[in-house]
Amino acid sequence: MIEDKIIGKTYSLYLGNTDTDEFYSVLTDLTDSLLLHSNSEEETISLIRKYSSKKRTLKAEKKKAITDSIIAKILNESEAKLSKYFTDIDSHLKNLTLAEKCDSTLTTSREQYLLYMLEIELVNRFNKERFNSAEAKYVFLPHCLHDLDKDCLSASDGTDYVCKSCSKNCSINSVSKLMKLRNIKAYIWREADLKKIFKLARSNGQSISVFGIACVPELVNGLRLCTKYDVPAIGVPLDANRCIRWMGDFYPNSVNEKKILSLLN
């Protein structure tokens, strides 16, 4: 069964289920609840981004049982609802090599994961309308989603690699087709220069938007990069982090296509 296979280094969104729908239901309810104490999605996104790099502060805030701190409330409610989707973050962090400890993605802390999962949901809500109304839309897919039992025949079109639909069992193939039906240019992200793509689209007078799929920390990095260039971006995290960067080799992975469709409708 697929849920037995998709166990990530630090998280898995399956939790013993046959799909990851429950995670998105839990995340939706949690986000709705937290927004009752905020004026807007934008305000909460700003708060999360302000604190998310302060690992020591986050640990201290989460230990506060009774507090008026909004970030402490966010952390504690998120821990109660989302921590069940973590695998063994503490063991992973403890066993990092000296070189790996210099990698901000690999060293993502428990508290950061909680905030990042919320940030993705909030950014999706905030940017969904602008994403769908843009004239030029792009999706960037991670190479780790390809069918590992078949050689990938994707080839570059000068911007980045494009899926050639060589395997019916390939998630990249499946997601690329979903995107193409909605006039979204699908790329497998290997060499694309996002800044160059943004400038080219704007020089042609087009509004532009981006859809990203990646592990939780990498997706947040991508969403923030797009924010820096005022490009509306949305995205869906991989169901687990299982690429060579995390596991030392590539292992089968998946992404929730129902969640993708919900953002595109």
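These numbers were taken from a predicted model, which means no experiment stands behind them.
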> Does the Glu100 side chain pair with the main chain of Thr97, one donor and one acceptor, at a distance under 3.5 Å?
Replying inline: yes
> Step by step, would you call Arg125 with Asp32 a salt bridge (charged side-chain N to carboxylate O under 4.0 Å, His left out)?
Replying inline: CA-CA 11 Å; Arg125 296 185 184 198; Asp32 289 343; 2.8 Å; yes
>> Evaluate Lys199 against Asp193 for salt bridge (charged side-chain N to carboxylate O under 4.0 Å, His left out), listing each step before the verdict.
In response: CA-CA 10 Å; Lys199 289 180 181 179; Asp193 183 336; over 6 Å; no
>> Before you tell me yes or no, could you show the steps for Ile260 and Ile213 under side-chain contact (heavy atoms from CB on, under 4.5 Å), namely the whole-Å CA-CA distance, both residues' side-chain angles and the distance that decides it to 0.1 Å?
In response: CA-CA 9 Å; Ile260 292 173; Ile213 296 174; 3.8 Å; yes
>> Working to the nearest 0.5 angstrom, can you tell me the gap between Thr159 OG1 and Lys196 NZ?
In response: 7.5 Å
>> For the residue pair Asn241 / Thr10, report whether a side-chain donor-acceptor contact shorter than 3.5 Å exists.
In response: yes
>> Checking Cys166 against Lys150 for the side-chain contact (heavy atoms from CB on, under 4.5 Å) test, could you report, in this order, the C-alpha distance in whole Å, the side-chain angles of both residues, the deciding distance, and whether it holds?
In response: CA-CA 8 Å; Cys166 58; Lys150 184 176 177 59; 3.7 Å; yes
> Do Val139 and Lys185 have side-chain heavy atoms sitting under 4.5 Å apart?
Replying inline: no
>> If you define the side chain from C-beta out and look only at heavy atoms, does anything of Cys215 sit under 4.5 Å from Tyr11?
In response: yes
> If you measure from CD1 on Ile234 to CG on Leu263, what distance do you get to the nearest 0.5 Å?
Replying inline: 4.5 Å
> Looking at Cys226 and Val210, what are the two nearest heavy atoms and their distance?
Replying inline: SG-CB, 4.0 Å
>> Closer than 3.5 angstrom, by distance alone: can the side chain of Asp147 be matched with the main-chain N or O of Cys152 as a donor-acceptor pair?
In response: no
> Can Tyr116 and Glu218 be counted as having a side-chain donor-acceptor contact under 3.5 angstrom?
Replying inline: no
> Less than 4.5 Å apart, any side-chain heavy atom of Tyr14 and any of Ser254?
Replying inline: yes
> Can you tell me if Arg56 and Ser109 form a side-chain donor-acceptor pair at under 3.5 Å?
Replying inline: no
> Shortest non-hydrogen contact from Thr107 to Asp103?
Replying inline: OG1-O, 2.9 Å
>> Tell me whether Val123 shares a hydrophobic cluster with Tyr51, the cluster being built from Ile, Leu, Val, Met, Phe, Trp, Tyr side chains joined at under 4.5 Å.
In response: yes
> How far apart are the closest heavy atoms of Cys170 and His146, and which atoms are they?
Replying inline: SG-CA, 3.5 Å
> Between Ile172 and Lys164, is any pair of side-chain heavy atoms under 4.5 Å apart?
Replying inline: no
> Taking Asp160 for the side chain and Arg190 for the main chain, is one N or O donor matched with an acceptor at less than 3.5 Å?
Replying inline: yes
> Are Ser167 and Asn173 close enough that a side-chain donor and a side-chain acceptor fall under 3.5 Å?
Replying inline: no
> Is atom NZ of Lys62 surrounded by more than 12 heavy atoms (other residues, nucleotides or ligands) closer than 6.0 Å?
Replying inline: yes
> Does a donor on one side chain and an acceptor on the other come within less than 3.5 Å for Gln112 and Ser52?
Replying inline: no
> Which class fits the ring pair Tyr85 and Phe23: parallel under 30°, tilted 30 to 60°, perpendicular over 60°?
Replying inline: perpendicular
> Which pair of heavy atoms, one from Val216 and one from Pro237, lies closest together, and at what distance?
Replying inline: CG2-CB, 3.9 Å
>> Below 30° counts as parallel, above 60° as perpendicular, anything between as tilted: where do the rings of Trp246 and His92 land?
In response: tilted
>> Just checking Lys63: does its NZ atom have more than 12 heavy atoms from other residues, nucleotides or ligands closer to it than 6.0 angstrom?
In response: no
>> Applying salt bridge (charged side-chain N to carboxylate O under 4.0 Å, His left out), can you list everything that pairs with Lys59, at least two apart in sequence or on another chain?
In response: Glu111
>> Counting neighbours of CZ on Phe126 that are heavy atoms of other residues, nucleotides or ligands and sit closer than 6.0 Å, is the number greater than 12?
In response: no
> Of all heavy-atom pairs between Phe131 and Lys137, which one has the smallest distance, and what is that distance?
Replying inline: O-CE, 3.4 Å
>> With heavy-atom distances below 4.5 Å as the criterion, would you say the side chains of Leu47 and Ile45 are in contact?
In response: no
> Is there side-chain contact between Leu115 and Ser78, with at least one heavy-atom pair below 4.5 Å?
Replying inline: no
> Restricting to pairs with a member in residues 256-265, which pass side-chain hydrogen bond (donor to acceptor under 3.5 Å, both in side chains), not counting sequence neighbours?
Replying inline: Thr20-Asn256, Asp21-Asn256, Asp21-Lys258, Glu121-Lys259, Ser174-Glu257
> NZ of Lys180: more than 12 outside heavy atoms within 6.0 angstrom?
Replying inline: yes
> Can you check whether Phe140 reaches Ile197 side chain to side chain, under 4.5 Å on heavy atoms?
Replying inline: yes
> Hey, does Ser209 have a side-chain heavy atom less than 4.5 Å from the side chain of Glu135?
Replying inline: no
> Which heavy atom of Leu82 sits nearest a heavy atom of Val26, and at what distance?
Replying inline: CD2-CG1, 4.2 Å
